[in-house]
Amino acid sequence: MTATIIDGKAIAADLRARVAEGVAAFRQSAGRVPGLAVVLVGEDPASAVYVRSKGRATREAGMESIEHRLPADTDTETLLALVRSLNADPAVDGILVQLPLPKPVDTQAVLLAIDPDKDVDGFHPVNAGRLATGMPGFVPCTPLGCVMMLKTVHPDLTGMDAVVVGRSNIVGKPMAQLLIAESCTVTVAHSRTRDLPAKVRAADVVIAAVGIPALVKGDWIRPGATVIDVGINRTEAGLVGDVDYAAASQVAGAITPVPGGVGPMTIACLLSNTLDSARRRG
Ligand code: NDP
C-alpha cells in the first residue's frame, strides 16, 4: 500500500485564496488593507529569499507589505526603536522580524519588544502562554499549517496518539500544544529521548521537526499512520525532510512530501494570521 500524499501546495493555495477573499471583504468594510511589516537585517541569502517570497505572497493576497531592510551592523537600540514605531503605526497589523539576527543583536530583546497583538509569527512569550492556556492569540505559522494539513486526513483528532519529534519553541512545543488542544495524547521526543523508534511506532500521528535528513526510518512508522514532515534539509540530493520518504510512504496511510508539504503552508498561515490581526483591530 502506498500512502496518500498530503498536497501542501494545493491546501496552501486554497487557504491563500480564502485569505484574499477575506482581505477584499475587510477592505470594503474597514476602508483600508491589512499591513504586514517585515524587518530584514543583513544579507543572509536564505533570509533574503524568505523575505522576498513573504512580500510577494502578501501583495498577492491584496495586503500591504512594508519592508524594512537594515545593514548587518544595525545595533539593538536601532532595531528596538523601529519595532516601537511599527507597534504604534495603525497601518501595521503584523510585525515579523526575520531570524536569525546578526550575532551582536539581542534577539530576545527585539522579539520581546513586539506588541503581542501584532506578533503574527506567534513567537512572543505572551502568545506562547495564550496557546498553552487556551486563550485566543497568534499561533506559530508552521505548526498551525501542520494541524490544518492533518485535519484534511482526520477532521477529528480526538484520542489519537501523536508523537512530536523536536521540542523547539517555534515548531515542536507549539505543535504539541495544538495537538493537546485537539485532544490527542501527545509524546514529545527530542535528542535525549530513549528508544525513539518505539515512541514513533506507537503513534497514529507522527510530526518530525528535527533538522536531520531522513532521521525517521520507514520501519519506525506504524502501518496506516499519518506523517507530517517539517524538516527542510539541503543535501547534495536536493531538499529532503526529516523522514525517509521513500520507505515511509510505503507504510504510512498519509504523508507530506518535501518540498511541497509543510513549507507552502507556513507562508499561507502567516497571511491568515495577518488578516486575523487586521480584523481584530478593525
Ligand atoms: P531546532 O534545531 O530548533 O530543534 C530541533 C529539535 O530536534 C530539538 O528539540 C532537538 O532536541 C531535536 N533533535 C535533534 N537531534 C535529534 C535526534 N537525534 N533525535 C530526536 N530529536 C532530535 O529546529 P527547528 O524546530 O527550528 O526546525 C526543525 C526542522 O524544521 C528543520 O529542518 C527546519 O529547517 C525545519 N523548519 C521548517 C519550516 C517550514 O516552513 N517547513 C519552518 C521551521 C523549521 P534537543 O532539544 O534535545 O536539542
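Start at 1 and go down the list; that is how both ligands and their atoms are numbered.
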Under a 4.0 Å N-O cut-off, is there an ion pair linking [X] with [Y]?
X: D93; Y: R32; result: yes
X: R280; Y: D117; result: no
X: R59; Y: E64; result: no

Closest approach of any protein heavy atom to [atom], naming residue and atom:
atom: atom 20 (C) of ligand 1; answer: H190 O, 3.2 Å
atom: atom 29 (C) of ligand 1; answer: G211 N, 3.7 Å
atom: atom 3 (O) of ligand 1; answer: S168 CB, 3.3 Å
atom: atom 34 (O) of ligand 1; answer: I232 O, 3.4 Å
atom: atom 8 (C) of ligand 1; answer: R167 N, 4.0 Å

Residue-ligand contact G172/ligand 1, heavy atom below 4.0 Å: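 Outside the 4.0 Å threshold, so no.
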Heavy-atom gap G263 to ligand 1 smaller than 4.0 Å: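 Judged by the 4.0 Å heavy-atom criterion, G263 does count as contacting ligand 1.
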Gap between atom SG of C269 and atom CE of M148 - 0.5 Å precision: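 Reported value, rounded in 0.5 Å steps: 4.0 Å.
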Atom pair CG (N273) and CG (L96), whose distance is rounded to the nearest 0.5 Å: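 Separation between the atoms: 10.5 Å.
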Mode of T193 contact toward ligand 1 - side chain, backbone, both, neither (heavy atoms, under 4.0 Å):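 No part of T193 is near ligand 1 at this cut-off.
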Enumerated ligand 1 atoms positioned under 4.0 Å from heavy atoms of [X]:
X: I170; result: 26 (O)
X: G166; result: 6 (C), 7 (O), 9 (O)
X: V230; result: 30 (O), 35 (C), 36 (N), 37 (C), 41 (N)
X: N233; result: 32 (O)

Pick whichever of [options] has a heavy atom sitting closest to [atom].
atom: atom 18 (N) of ligand 1; options: V188, I212, T142; answer: I212
atom: atom 5 (C) of ligand 1; options: V216, L99, I267, V210; answer: V210
atom: atom 43 (C) of ligand 1; options: V171, T266, V165; answer: V171
atom: atom 11 (O) of ligand 1; options: G145, S191, P140; answer: S191

Does atom [atom1] of [X] have more than 12 heavy-atom neighbours from other groups under 6.0 Å away?
X: Q108; atom1: CD; answer: no
X: E67; atom1: CD; answer: yes
X: R27; atom1: CZ; answer: no
X: K9; atom1: NZ; answer: no

Side chain to side chain contact (heavy atoms under 4.5 Å, CB included) partner of I95, the single match among D121, N87, T274: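 The side chain to side chain contact (heavy atoms under 4.5 Å, CB included) with I95 is passed solely by N87 among D121, N87, T274.
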